[in-house]
Amino acid sequence: MKKFQLIVLLTISFGFYAQTNPIKESYSFNLNEAIDYGFKNNYSAINASRDIDAAKKKKWETTTIGLPQINASLGYQNNIELQKSLIPAEFFGGKEGEFAEVAFGTRHNMLGSATVSQLLFNGSYIVALQSAKVYLQISENAKIKTNQEIREMVVNAYGNVLLANESIAILEKNKASLEKTLNETNQIFKNGFIEEENVEQLQITLATIKSAQENIKRQKIIATNMLKLILGISIEKELILTENLYNLSLNSISLELTTIPFQVENSIDFKIQNNLVETKKLMLLLEKSNALPSLAAAYNFGYNAFGNQFQFFTNNQRWLNFSNVGISLNVPIFSSLGRSARTQQAKIALEQSKTQMIQVEQGLKLQFEKAKSDYEFSLEQLKTTKSSLALAERIESKQQIKLKEGLLSSFDLSEAQRQLYLTQQNYLQAMLDVINKKASLEKIVTKN
């Protein structure tokens with residue numbers, strides 16, 4: 001019995017703990033997984049997909065304008081007081097010169113009808129069909145553009161988190177090394193071999209490192225939350241990155257990327273601008289089509305009924321049918337040159353879009369050259385800072401030995417340490433720059 005009570009107690013306790021301490025949902029991504037997740041869950045990506053769906057619906061809506069249309073109507077009228085008319089009374093045997101009041105019609109009237117209409121020809125409709133197709137292409141290209149932006153943002157944000165991780169690790173290593181040096185220096189001071197200022201200088205450097213480490217930890221939280229926002233993950237969720245900055249920068253070194261010829265026609269920005277040119281062409285075509293005649297046909301049929309009693313849904317009610325068919329032709333003849341003015345405006349807008357196309361093309365070529373140059377420079381900087389780091393580490397190590405041997409003061413060591421710490425951050429930033437600059441260059445040269 002006691003064993004059973006113990007099991008019940010443990011079960012209740014576990015359930016209470018689970019309620020008060022819910023398991024936190026977490027996500028774990030390498031860079032490519034994070035990019036794929038962002039393509040599907042980024043807020044802008046979701047709306048870009050919805051824009052494509054809306055464009056498809058708009059295209060079908062436009063198509064239906066030229067398909068048969070059927071409309072039905074049902075109307076009921078209750079003449080509470082029939083309208084009166086005056087007619088000569090002599091028609092009914094009255095005196096000449098007098099008038100009698102006569103009410104025409106019935107109190108209850110009901111009419112039911114249906115109309116089938118079909119557009120036979122309309123120039124604007126043909127242009128509208130082409131416009132709907134271009135509109136869909138614009139939405140699809142906008143989605144590709146959005147994905148490109150998301151990819152670059154994910155790479156940058158992912159790298160910022162890794163940079164914070166590496167900075168924290170290096171600061172922790174520097175702090176441990178400095179604490180060891182401080183303890184040894186403090187012992188030397190107690191033994192009377194060095195001045196107290198040497199110890200105090202190291203204490204100042206240690207305090208600076210601790211402050212920087214706390215600041216980087218706060219920055220890591222902000223960088224991680226920024227990455228979550230880009231990925232479309234709630235900031236309350238846990239996010240684990242499985243890459244490290246060194247391996248990611250190593251994988252971002254690609255000399256072949258700088259040799260890829262740039263085809264401006266493959267750029268999504270060029271395609272979007274081309275969509276705008278096509279739009280202006282269609283606007284010009286639309287203005288020209290307004291001068292063409294339009295032709296439509298319609299067939300109308302229905303039933304109506306009348307009576308002084310409301311008995312439309314009984315067998316005694318008599319319904320009278322009617323039907324007609326018609327064709328309407330609308331021919332624009334003269335608009336006081338209004339259509340001509342609108343056509344000329346559309347031509348000017350088209351020429352402007354073509355000029356913008358040339359500007360976009362030249363801008364993309366310049367953007368490619370800059371991105372290529374920035375990436376090549378980042379590779380050079382990575383190589384340079386790596387060599388500088390090795391040199392700074394050797395200098396700092398030698399200065400520590402000299403300090404222990406009493407050959408220099410802690411001020412000289414602090415200068416070597418500051419140089420080392422700065423070189424470490426430069427090396428980390430150089431790795432991040434290689435990652436980011438590669439992403440920027442890929443964004444331009446990748447065929448879409």
Side-chain angles (χ1 to χ4, degrees), residues 29-39 42 44-45 144-167 169-170 216 219-220 222-224 226-227 229-231 241-264 266-270 272 360-390 392 422-448:
F29 300 124
N30 60 32
L31 180 58
N32 289 331
E33 290 170 343
I35 293 173
D36 291 338
Y37 188 90
F39 286 162
N42 176 272
S44 297
I144 295 174
K145 176 69 173 178
T146 300
N147 283 349
Q148 284 188 346
E149 298 290 346
I150 291 171
R151 186 183 188 281
E152 188 175 24
M153 288 191 297
V154 170
V155 171
N156 293 339
Y158 197 102
N160 287 335
V161 178
L162 296 184
L163 176 63
N165 288 338
E166 294 295 333
S167 298
I170 287 181
I216 291 296
Q219 291 182 12
K220 178 187 175 181
I222 296 174
T224 303
M226 179 60 69
L227 178 58
L229 178 63
I230 294 172
L231 294 177
L241 308 187
T242 60
E243 303 266 17
N244 66 70
L245 189 63
Y246 176 78
N247 290 336
L248 192 57
S249 65
L250 191 63
N251 294 333
S252 297
I253 299 176
S254 175
L255 298 178
E256 295 180 357
L257 188 61
T258 60
T259 63
I260 297 176
F262 178 55
Q263 301 292 334
V264 68
N266 295 331
S267 172
I268 190 62
D269 292 311
F270 183 88
I272 290 176
V360 169
E361 182 178 358
Q362 297 301 314
L364 287 171
K365 291 179 179 179
L366 179 61
Q367 187 178 352
F368 164 72
E369 293 297 334
K370 183 179 184 303
K372 179 182 176 182
S373 177
D374 290 344
Y375 179 58
E376 291 174 339
F377 179 72
S378 69
L379 294 177
E380 295 171 0
Q381 282 295 98
L382 180 62
K383 183 178 180 181
T384 301
T385 54
K386 185 177 182 180
S387 300
S388 299
L389 178 59
L422 178 61
T423 307
Q424 288 172 338
Q425 290 302 315
N426 289 340
Y427 179 56
L428 294 180
Q429 186 62 48
M431 287 192 287
L432 180 62
D433 285 344
V434 169
I435 297 169
N436 292 342
K437 299 306 181 184
K438 181 190 178 187
S440 298
L441 182 57
E442 286 179 331
K443 176 184 175 182
I444 299 175
V445 301
T446 301
K447 185 176 180 180
N448 301 292

[X] versus [Y]: any side-chain heavy-atom pair under 4.5 Å?
{"X": "Phe368", "Y": "Leu441", "result": "yes"}
{"X": "Ile435", "Y": "Leu162", "result": "no"}
{"X": "Asn160", "Y": "Met226", "result": "no"}
{"X": "Tyr37", "Y": "Val154", "result": "no"}
{"X": "Leu255", "Y": "Leu379", "result": "yes"}
{"X": "Leu245", "Y": "Asn165", "result": "no"}
{"X": "Tyr427", "Y": "Leu382", "result": "yes"}

- Task: Answer yes or no: is there a donor N or O on one side and an acceptor on the other, between the side chain of Glu243 and the main chain of Leu31, under 3.5 Å?
- Result: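 Side chain of Glu243 to backbone of Leu31, a donor-acceptor pair under 3.5 Å: yes, one is there.
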- Query: Under 3.5 Å, side chain of Thr259 to main-chain N/O of Glu256, donor-acceptor pair present?
  - Reply: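 The answer is yes, because a donor-acceptor pair under 3.5 Å joins these two groups.
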- Query: What's the verdict on side chain to side chain contact (heavy atoms under 4.5 Å, CB included) for Asp433 and Gln381, showing C-alpha distance, side-chain angles and the deciding distance?
  - Reply: CA-CA 9 Å; Asp433 285 344; Gln381 282 295 98; over 6 Å; no
I need the minimum non-hydrogen distance between [X] and [Y], along with the two atoms involved.
{"X": "Ala157", "Y": "Leu227", "result": "CB-CD1, 3.8 Å"}
{"X": "Ala430", "Y": "Thr385", "result": "CB-OG1, 3.4 Å"}
{"X": "Tyr158", "Y": "Thr242", "result": "OH-N, 3.4 Å"}
{"X": "Gly38", "Y": "Ala45", "result": "O-CB, 4.0 Å"}
{"X": "Lys372", "Y": "Thr258", "result": "CE-O, 3.1 Å"}
{"X": "Tyr375", "Y": "Val434", "result": "CE1-O, 3.9 Å"}

- Message: Quick test of your reading of the model: are Lys365 and Glu369 salt-bridged, counting only N-O distances below 4.0 Å?
- Response: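 Result for this pair is no, no salt bridge flagged.
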- Item | Residues that Glu33 engages under salt bridge (Lys or Arg N to Asp or Glu O under 4.0 Å), provided they are two or more places apart |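 Here no residue qualifies.
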- Task: Only counting residues at least two apart or in another chain, list the ones meeting salt bridge (Lys or Arg N to Asp or Glu O under 4.0 Å) with Glu442.
- Result: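 Glu442: salt bridge (Lys or Arg N to Asp or Glu O under 4.0 Å) contacts with Arg151, Lys438.
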Just verifying a value: how many Å separate [X] [atom1] and [Y] [atom2], rounded to the nearest 0.5 Å?
{"X": "Phe262", "Y": "Gln367", "atom1": "CZ", "atom2": "CD", "result": "7.5 Å"}
{"X": "Thr423", "Y": "Leu389", "atom1": "OG1", "atom2": "CG", "result": "6.5 Å"}
{"X": "Glu149", "Y": "Ser44", "atom1": "CD", "atom2": "OG", "result": "9.5 Å"}
{"X": "Gln425", "Y": "Leu163", "atom1": "CD", "atom2": "CG", "result": "7.0 Å"}
{"X": "Lys437", "Y": "Ser252", "atom1": "NZ", "atom2": "OG", "result": "13.0 Å"}
{"X": "Asn30", "Y": "Ile35", "atom1": "CG", "atom2": "CD1", "result": "9.0 Å"}

- Task: Under the side chain to side chain donor-acceptor pair (under 3.5 Å) rule, what do Asn156 and Glu152 come out as? Steps first, then yes or no, please.
- Result: CA-CA 6 Å; Asn156 293 339; Glu152 188 175 24; 4.7 Å; no
- Checking side chain to side chain contact (heavy atoms under 4.5 Å, CB included) for the pair Ile444/Leu364: CA distance, chi angles, key distance, verdict? CA-CA 8 Å; Ile444 299 175; Leu364 287 171; 5.7 Å; no
- Sequence neighbours left out, what pairs pass salt bridge (charged side-chain N to carboxylate O under 4.0 Å, His left out) with at least one residue falling in residues 374-383?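 Salt bridge (charged side-chain N to carboxylate O under 4.0 Å, His left out) check on residues 374-383 returns Lys370-Asp374.
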- Task: Output, in order, the C-alpha distance, side-chain angles, deciding distance and verdict of side chain to side chain contact (heavy atoms under 4.5 Å, CB included) for Leu428 and Leu432.
- Result: CA-CA 6 Å; Leu428 294 180; Leu432 180 62; over 6 Å; no
